[in-house]
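Report on the structure given below.
Below, read A as the first sequence line, B as the second, and so on, with proteins coming before strands; counting in each chain starts at 1.
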Amino acid sequence: MFEKYDPREGKRLQLMDENGKFTPNGGPILNDDELLDAFKKMLYARVADEMAVSYQRQGRLLTYPPLKGQEANQVGAVLALKKTDWIVPTFREHAAWATRGVPLYNLLLYTYGNEEGMNVGKDFRILPVSIPIASQTLHAVGIAYAMRYKKEDSIVLTYVGDGGTSQGDFNEALNFAGVWNVPVIIYIQNNQFAISVPRFKQTAAKTLAERAFGFGVEGVQIDGNDIQAVYQAVKLAADKARSGGGPTLIEGFTYRLGAHTTSDDPTKYRSDEEVKQWELRDPILRLKLYLISKKKITEDDISKMTEQFKKEVDEIFRKVESSKDPTPEDIFKYHYKEMPYELKRQLNEYKTYLEEGK
Amino acid sequence: MFEKYDPREGKRLQLMDENGKFTPNGGPILNDDELLDAFKKMLYARVADEMAVSYQRQGRLLTYPPLKGQEANQVGAVLALKKTDWIVPTFREHAAWATRGVPLYNLLLYTYGNEEGMNVGKDFRILPVSIPIASQTLHAVGIAYAMRYKKEDSIVLTYVGDGGTSQGDFNEALNFAGVWNVPVIIYIQNNQFAISVPRFKQTAAKTLAERAFGFGVEGVQIDGNDIQAVYQAVKLAADKARSGGGPTLIEGFTYRLGAHTTSDDPTKYRSDEEVKQWELRDPILRLKLYLISKKKITEDDISKMTEQFKKEVDEIFRKVESSKDPTPEDIFKYHYKEMPYELKRQLNEYKTYLEEGK
Amino acid sequence: MKALTLLQAVNDALKVEMSNDKNIIVYGEDVGVEGGVFRATEGLQKLYGEERCFDSPLAESGIVGTAIGMAVAGLKPVVEMQFDGFVFPAFNQIVTHVARMRNRSRGTWSLPLVIRFPYGGGIRALEHHSESTEALFAHTPGLKVVIPSTPYDAKGLLISAIRDPDPVIFAEPKRIYRSVRQEVPEEAYTLPIGKANVVRVGDALTIVSYGAQMKEVLEAAAKLAQEHINVEVIDLRTIYPFDRQTIIDSVKKTGRFLVVHEGPTNFGVGAELIAAVNEDAFLYLEAPPTRLGGFNVTFPLPRGEKHYMISTDRIVQKAKEIISY
Amino acid sequence: MKALTLLQAVNDALKVEMSNDKNIIVYGEDVGVEGGVFRATEGLQKLYGEERCFDSPLAESGIVGTAIGMAVAGLKPVVEMQFDGFVFPAFNQIVTHVARMRNRSRGTWSLPLVIRFPYGGGIRALEHHSESTEALFAHTPGLKVVIPSTPYDAKGLLISAIRDPDPVIFAEPKRIYRSVRQEVPEEAYTLPIGKANVVRVGDALTIVSYGAQMKEVLEAAAKLAQEHINVEVIDLRTIYPFDRQTIIDSVKKTGRFLVVHEGPTNFGVGAELIAAVNEDAFLYLEAPPTRLGGFNVTFPLPRGEKHYMISTDRIVQKAKEIISY
Ligand SMILES: Cc1ncc(C[n+]2csc(CCOP(=O)(O)OP(=O)(O)O)c2C)c(N)n1
Ligand SMILES: Cc1ncc(C[n+]2csc(CCOP(=O)(O)OP(=O)(O)O)c2C)c(N)n1
Ligand SMILES: [Mg+2]
Ligand SMILES: [Mg+2]
């Protein structure tokens, strides 16, 4: 299906270039209103992301993994899905969560250090943040098996990083997806680094997308900063999956403009020069240039919008700050449907201690 | 280096066909005396293997994994190595052990159920039998790193099965070998089954060899029942590795003519028809036809040789049967250079019990 | 009622439950066409089709990782690890996800799945085929660990495990897979997880054990009885959450405690039960609560196996030691 | 002598040993260019080159699996798992090979390697970044498990671990990585693995702990001293093989025993030590040997962390309970 973009021939799918111009073989996939909507979603994610970082700097938030620069990989992909399709994220997909419609409150509460933030209900069909690298890709394959078994026409999208492709689990997931031929899309956000480790130290292969073929799976590399390329690739892969065509591996070629997490210092392992180069390829910038050229939006609209988003995020974060901390019960009671005696005993002993302390 | 045999184009390296005739693009790699020697080694392995199976049937030996039909993958490969090259086997490489010169006594003692059998000394540069599937491939990559670090010109050959390619560890080994560009050969004995599971259920890929390319590693599929193809592939891969060319993945396309182990019943998952087909491709048969045509050997020589080998093996096995069982000390004292108090305590308590029992 | 072996009882439990619940999916290495290397899943593929019972690729992390996804999506995977020693490639999935999904999502997601495997030594097997790993799982918050010791218990406990809303590690004592037959009801029935079974009533000493080791423990109890020493024997059945109450009640009665298990002694199950006894029955103790466990060594190959396994006589001797303390 | 933090002491130990022994290779995720997420390996790549200190691909099984090969071939790999919670992908390599190569080969091959990682909670971290996994390794035959509690101990014990002929799991209490400085000799020195350290002499009660938890234990001991209650405090230092003798001698003197550790209580380290005390000091016990361990729950995210961590006051209260038993 992606024959025209065989990564083994050094091809990469791109529809709109860094200047907001369509590439020769490109062209509009989303109409201008849809693009405007996508732009707003990316901008909202960007604002929320930058504010989270500043909250952390102010000591109001704990370790936070910024996604700045990777928005298109998430907004574009989730827009290409149906609401009934599953999302299996790792830990840097806040834009995907938002695009799916999960209240920002939940993610901020989670980042604030409260598990309650992950209690978003089942209807969003998104799994909790998964931190053990690449482990979640197998969960996605299992859900895909279940969707086919239950004859639902839902598919599964899972995210993993460039570093994650080195894990056994990632490769087992590709392999199981291939043999089972289940409806899953494994989306690699190749943001060029695994913390401080550059992409070329992860594998000797030229691209990550070509990993797929050795498992009998189709793989394609796309410009992850071009939201239309992301949308199209995911749409095509999703249609294929829905019609029984099986899994697809997508490598979104992108860049983490921020730090790995707020406790990371990128200057230790990369040059400002490199970062500047990538700022020119910002997924939001190019869409902005396009929309302005199409008179769908003005610089002024954008700054107004930005202010508005900041207000919203700030209100949400204040709610988070005034949220209640977990009680002793909270840290015990969700391990089993019914709390076993050993846990009740530990909880009661602790509560007695707290009582006496009073 | 193996461009002419790109598995992705459905190519497979074969030099001598099932009838002992050289293939068009084939030809002699080993001279007739070398082939005769190789033949004898394969025959010895075959005899030992069949006798081990019969000992098990007689209740004189425990679970044993026959290698019948896979001899060329092991004899040919080890012959192509230097004595200083490392071998990292899994559990079905008795012919590789024998070709390296390890006394059959050791392997039979081990199969007899005594760890002492694996105490073969370091000079053979072969690691103990490794049972956790594919885990040993990573050890091989580590040894290869050490060889380069120490500027030794030794390389490493490791074996894994078709089923083993599904394990995370196998893929991590390929990846580490590729990024580190270390002198290692990962040799897949694709004997078409992982116990009862046929090759096509392991992965959707057409060949196992093509797995390599997605890791930036070269891969080649060969006729694993053609000892000259095995010899040449390993020789070329070893030369490449020695000269800093890095790793190679070799898929030996072969067949397990016997049971998975003596406790397995193959009729549950494959037809006699299929087995018969593969008996015609027996690696020993074709070499025999060639050597007879070259008048290097006669049927009569072979039956004499066979009888002789049987005698030798039987003498060795009788030695094994008269070997001493491990003492309580033996099962304790090899866990640490110095036995910790907790172990001494357990050992002493047990010995006291045995004393009192007397 | 049919007289079944423990192995047949496991197979029977799977058959009965799969017919009751279309969401149960059984897979693993060689479980489909072959029906498992021990035949625990024999006939399931024929009965319920390839979609519900099949051979997976050879990758334990993949097996458990995909099972997590299936469970999240409403299926009930019952996966097999071919042997106790081959559960380790899946350890990361078990510890970081299977045990945690419910808490991580504060109850949004639960994982009703079962990971079953043949367990323990004594069958003169190859390396990694005789392991006792229960303490590792019991120490991991979020898991349940069940080990049956009879065909009847095996069926009832496995059905309970499958119906349990939380993940269960189900270890099947392979040494007694085929050694005894017992009448087992044809229909489905459950036995409570977390409840121990007082198999023999006595007053001289409380002996707790589980799994295949119960065989020697009961033999020892019988031998002692011939000398008019009546010991109480408790089959733990569930390692976590273990049945503290039943053990404590018994120790308060006997004043003496012995736990016997095949797995390594140090940091093992016996240590936990001794700690529990100290916590709740200290003043009743007339002798040191004692453990008779496996040595902290790699399980030996067949020629050394006899030294590792805990014999009836060793239990008798240890029991007398405690009683005559 | 320089005053170093525990983190600097670890870094110093690696520097000193690497200069003494060309066969030492240090690698893991982000350990090279960046010098580790905590900077434990900072400067090593500059000093000893990319071949001896480098960034590996992101795969723990790959890291430990290749380290096994290096050790077999005569190198001394000292690999880092980035956090305690990320050792699990390597669990299969550790349990089935690292712990077994010597016994499997009856002494032909040994694995002088070190697996080190930041360990434990209390730093308000993300999930999987606050785990206490020592009991899992201590239960596994063939491993040594070391946990330092001071900068001085960290350097001496890490050097011993590197020189040890057998594999050592070296868990570094990250909560106190930077909290205290201590005079540490510039040159290389070793501290015996398997030997506990009596940090405070007393007669009222024996308290055993290790790692970061030693901080609260010593604070508790000081508080109790103000009330003229003198407790003996033992820093275990090595979890396996643990120093039974030192503990028993102390309990025989005090008649009372408390073990405090952050890791989950059930099937944890405390259970083992209580069993050991029962085995060797039963008749000396004037109160139930007691454990104060972490809850058997997933380590909470920062907002709930305070409930999990064991405070000085809880130790004081528990100590008094035992003493006034
Ligand atoms: C199994 C495991 N090992 C190590 C870590 C620590 N860690 C967290 S993020 C990270 C780098 C991940 O890189 P990549 O997969 O490229 O994703 P990115 O952070 O770039 O989004 C590492 C090593 C982890 N979370 N899980
Ligand atoms: C990690 C692990 N899982 C399961 C097993 C059980 N087992 C032993 S051999 C085998 C099949 C291996 O198939 P393959 O890799 O093709 O090698 P072959 O037996 O065909 O030589 C299995 C599943 C094991 N030894 N290790
Ligand atoms: Mg990345
Ligand atoms: Mg095979």
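Of the possible polar contacts, none joining the D55(C) side chain to the V197(B) backbone as a donor-acceptor pair under 3.5 Å is found.
Taking a cutoff of 4.0 Å between a charged side-chain nitrogen and a carboxylate oxygen, E42(C) and K268(B) qualify as a salt bridge.
Expressed to the nearest 0.5 Å, how far CD1 of I63(C) lies from OG of S166(B) amounts to 9.5 Å. Atom OG of S130(B) and atom NE2 of H128(C) lie 6.5 Å apart (nearest 0.5 Å). Rounded to the nearest 0.5 Å, atoms CZ (F295(C)) and CZ (F332(B)) are 4.5 Å apart. Atom-to-atom distance recorded for E305(C):CD and I331(B):CD1 is 10.0 Å, nearest 0.5 angstrom. Expressed to the nearest 0.5 Å, how far CG of L62(B) lies from CZ of R124(C) amounts to 5.0 Å. From H307(C), atom NE2 reaches atom CD of E329(B) across 9.0 Å, with rounding to the nearest 0.5 Å.
Heavy-atom neighbours of chain C within the stretch residues 253-260 of chain B, taken at a separation under 4.5 angstrom, are nonexistent. Interface residues of residues 77-88 of chain C toward chain B, defined by a heavy-atom distance below 4.5 Å and sorted by number: Q82(C), F86(C). Interface residues of residues 315-325 of chain C toward chain B, defined by a heavy-atom distance below 4.5 Å and sorted by number: Q317(C), K318(C).
Between chain B and the residues K306(C), R39(C), E29(C), the most heavy-atom pairs under 4.5 angstrom are made by R39(C). Taking Y112(B), Y110(B), F170(B) one by one and counting their heavy-atom pairs under 4.5 Å with chain C, the maximum is reached by Y112(B). Ranked by heavy-atom pairs shorter than 4.5 Å toward chain B, the options V33(C), D313(C), N296(C) are led by N296(C). In terms of non-hydrogen atom pairs under 4.5 Å with chain C, the most contact-rich of P328(B), A194(B), P340(B) is P328(B).
Of all heavy-atom pairs between G113(B) and L301(C), the closest is O-CB, 3.3 Å. For the residue pair L58(C) and G163(B), the shortest heavy atom distance occurs at CB-O, 3.4 Å. Shortest non-hydrogen contact noted between Q167(B) and A59(C) is OE1-CA, 3.7 Å. Here the closest heavy-atom approach between residue K201(B) and residue P57(C) is recorded as O-CG, 3.8 Å. Annotation for L126(C) and T63(B): closest pair CD2-O, 4.0 Å, computed over non-hydrogen atoms.
Interface remark: D264(B) contributes side-chain atoms only to the contact with chain C (heavy atom separation under 4.5 Å). Contact annotation for Y334(B): neither backbone nor side-chain heavy atoms come within less than 4.5 Å of a heavy atom of chain C. The parts of T298(C) that come within reach of chain B are both its backbone and its side chain, each placing non-hydrogen atoms under 4.5 angstrom from that chain. Using a 4.5 Å cut-off between heavy atoms, F91(B) makes no contact with chain C at all. Neither the backbone nor the side chain of S135(B) comes within contact range of chain C, judged by heavy atoms closer than 4.5 Å. For E349(B), the part sitting under 4.5 Å from any heavy atom of chain C is the side chain, from C-beta outward, and nothing else.
By the side-chain hydrogen bond (donor to acceptor under 3.5 Å, both in side chains) test, Y55(B) pairs with D314(B), sequence neighbours left out.
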Go through S311(C) and Y353(B) one step at a time and tell me if the side-chain contact (heavy atoms from CB on, under 4.5 Å) criterion holds. CA-CA 11 Å; S311(C) 67; Y353(B) 163 79; 3.5 Å; yes

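For E51(C), the CD atom is densely surrounded, since the number of other residues' heavy atoms within 6.0 Å is greater than 12.
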